[in-house]
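All remarks here apply to the structure that follows.
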Amino acid sequence: MREENVDASFTCTLSKPNVDVKWAKGKSPIFTDDKKYSISSVDCEYTLLVKGVKPDDESDYTVTVKSKKSTAQLFLEGERTPCSTTWLLW
């Protein structure tokens, strides 16, 4: 049985605050006005929250800071609890 309707978060930790960070699902940019996602930052940590994860949320998620990118996959498999991923970019 697949666990659905939990939240997943991706966190990127940078070396300085107040940086322009962009998030994408696959090749599609994620915008802050989309109720499916929440984007936040505290000091040097930038977080994307995917709310109520469902199978169609499975994808690559990419964080872009200037010319640097990092990508992680979100997938559902078996019973899971809320998940999170943390990246460190310099």
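Grouping the Ile, Leu, Val, Met, Phe, Trp and Tyr side chains by contacts below 4.5 angstrom, directly or via other members, places Y61 with I39. I30 and V19 fall within a single hydrophobic cluster, where Ile, Leu, Val, Met, Phe, Trp and Tyr are joined by side-chain heavy atoms under 4.5 Å apart, directly or via other members.
Summarising the geometry of Y46 relative to N18, their closest heavy-atom pair is OH-N, 2.9 Å, with the distance given to 0.1 Å. Listed here is the closest heavy atom pair of G26 and S59: N-OG, 3.4 Å. Nearest heavy atom pair, residue D7 against residue G52, reads OD1-N, 2.8 Å. Across V50 and V53, no two heavy atoms sit closer than the pair O-CG2, 3.7 Å.
Expressed to the nearest 0.5 Å, how far NZ of K16 lies from CG of D43 amounts to 15.0 Å.
Looking at residues two or more places apart in sequence or on another chain, you find a salt bridge (charged side-chain N to carboxylate O under 4.0 Å, His left out) between D20 and K22. Listed by chain and number, the residues in a side chain to side chain donor-acceptor pair (under 3.5 Å) with K36 are D57 (sequence neighbours excluded).
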Practice item. I would like to know whether K51 and S38 meet side chain to side chain contact (heavy atoms under 4.5 Å, CB included); could you show each step before the answer? Key: CA-CA 8 Å; K51 301 174 186 174; S38 172; 3.7 Å; yes
Review point. T11 and T47: side-chain hydrogen bond (donor to acceptor under 3.5 Å, both in side chains), yes or no, with the steps?
Key: CA-CA 4 Å; T11 300; T47 301; 3.2 Å; yes
Point to revise | CA sep, side-chain torsions, deciding dist, call: L74, F10, side chain to side chain contact (heavy atoms under 4.5 Å, CB included) | key: CA-CA 9 Å; L74 173 63; F10 298 92; 3.8 Å; yes
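Using a 4.5 Å cut-off on side-chain heavy atoms (C-beta onward), V21 and L48 make no contact. Taking the side chain as every heavy atom from C-beta outward, T62 and W23 never approach each other to under 4.5 Å.
Side-chain atoms of E58 come within 3.5 Å of backbone N or O of L76 as a donor-acceptor pair.
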